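In the text below, chain A, chain B and the rest are named by the order of the sequence lines, each starting its count at 1. For clarity, every value in this text was computed on a predicted model and none was experimentally measured.
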2 protein chains.
Amino acid sequence: MSAGELRGRKPRADVQRNRAALLETAQRHFLQHGVGTSLEAVAKEAGVGPGTLYRHFPTREALLAAVLQTRSEELVARQTDIERLDDPAEALEQWLRAMEEYFSAFSGLPDPLMAAARAQEPDNPLTIPCDILIAATDQYVRAAQLAGRVRASVRGQDLFLAACSVAWIKGTGTEEEPLDRLRTLIASGYREPDTQA
Amino acid sequence: MSAGELRGRKPRADVQRNRAALLETAQRHFLQHGVGTSLEAVAKEAGVGPGTLYRHFPTREALLAAVLQTRSEELVARQTDIERLDDPAEALEQWLRAMEEYFSAFSGLPDPLMAAARAQEPDNPLTIPCDILIAATDQYVRAAQLAGRVRASVRGQDLFLAACSVAWIKGTGTEEEPLDRLRTLIASGYREPDTQA
DNA sequence: CATCAAAACGGATGCTGCCTCCGTATGCAT
DNA sequence: ATGCATACGGAGGCAGCATCCGTTTTGATG
């Protein structure tokens, strides 16, 4: 029993190979056909049987969460950029935009996301990222409120919902123009009106 | 050839009977299981074969539109009430609430609704009601704008989208409290800030 | 009332996708 | 080289969609 073997034997090579192939293929299919894409098709194109897919990812949500992992890391990276901003209102705005893009990664993504955000099933692999995002949003909201830039009644959860909604609408194929008016409307809704001199 | 027969013979009795049974059953299933409910199950419970269901309603959307017909009439009824109000801002608010309830009739309804609102497929039976609703919303918006109660940048379509979003979120099972904060946020977004004396 | 043709019925059918189970193949350890 | 744990993968059962066509129902007609 050498150093690295404390937890059983070394992981098999094919496991890692298949997992990688599945993730790569799944991402492509989610992009092209939305989160409802056929998992059988993913398995076939990844060159594995359905059984292998389901052993690696027992549910569609598990596969989705794994594919989303990469994107999550991009979000975290953006966060460090955003936190450097002086203006907390601007930071909040950019954060909301980043979340919206994250939610729009695949068409139909907002639905399982909302399901995970609501439910207290801790076995849903999407629940954790959702909770993290809500908490992060709340941070940005509070900072902007301290600076008097956001209405006191607003919660992080509210803007999480709003970002999710916009992403949902985007996913239904609405054009950019009305979408942008909706974003503006929401911004007017959470911002503290200018108490200008 | 007597008076009423200009357009072929009298409609068969079983046709009307089956149609009514299908609509009644479909409404119940949409209520209980959302718009994605099994059409086979609907047919079986209505006591007809699948073929009959698909002859009456060639697509899920057609069945949905037919079931929604009843609710649409309730909406129209509400409209005459709303139009009696003196305050155009209050009228808009009530109209938005009415639309939201309409959209929340069945879980999952907002999706096909948005699909119909976007597409210019005139064969989608949901397109017409959507266009009517957007136009009606625009009327209320304009009236409120003339009274200086709603920002000039707002369009009827924007609030249609907003109402749809709220209905969508409601359908995902979110509790009333955050939902209500979101409604408030949206209202702050479209209302003209008080230019109070 | 008997007959007829049009109209409608309904279920058998083929298809796709989900998910599981288990005999077989693979690869790591010795 | 051998053995055994581990992973593979496809067959198979199930559910839902949508269609097609032989059979039945229904209203019209004399």
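A salt bridge is defined here as a Lys NZ or Arg NE, NH1 or NH2 lying under 4.0 Å from an Asp or Glu carboxylate O, and B:Glu175 with A:Arg118 fails to meet this definition. Of the charged side-chain nitrogens involved, none lies within less than 4.0 Å of a carboxylate oxygen, so that A:Arg78 and A:Asp81 do not count as a salt-bridged pair. Under the 4.0 Å criterion applied to side-chain N and carboxylate O atoms, B:Glu93 and B:Arg149 are not assigned as salt-bridge partners.
Of the candidate nucleotides D:dT26, C:dC18, D:dG9, C:dC18 has the atom lying nearest to any side-chain atom of A:Glu40. The nucleotide whose nearest atom lies closest to any side-chain atom of B:Arg55 is, among D:dG16, C:dC28, C:dA8, C:dA8. Nearest nucleotide to the A:Pro50 side chain, out of C:dG27, C:dA12, D:dA11: D:dA11. With distances taken from any side-chain atom of A:Val15 to the nucleotides D:dC8, C:dC19, D:dC17, the minimum falls on D:dC8. Closest contact between the side chain of A:Lys10 and the listed nucleotides C:dA29, D:dC8, C:dC19 involves C:dA29. Residue B:Leu39 places its side chain closer to D:dA18 than to any other of C:dC9, D:dG27, D:dA18.
Classified by interplanar angle (parallel below 30°, tilted 30° to 60°, perpendicular above 60°), the ring pair A:Phe160/A:Phe103 is perpendicular.
Looking at A:Arg9, its side chain has no donor and acceptor atom pair within 3.5 Å of the base of D:dT6. With hydrogens and angles ignored, no donor-acceptor pair closer than 3.5 Å exists between the side chain of A:Arg12 and the base of D:dA7.
One finds no side-chain N or O of A:Ser38 lying less than 4.0 angstrom from the OP1 or OP2 phosphate oxygen of C:dT16. Contact check, A:Asn18 against D:dA7: no side-chain N or O comes under 4.0 Å of OP1 or OP2.
Comparing A:Thr52 and B:Gly36 by the nucleotide of DNA chain D whose heavy atom lies nearest to each, the residue mapping closer to the 5' end is A:Thr52.
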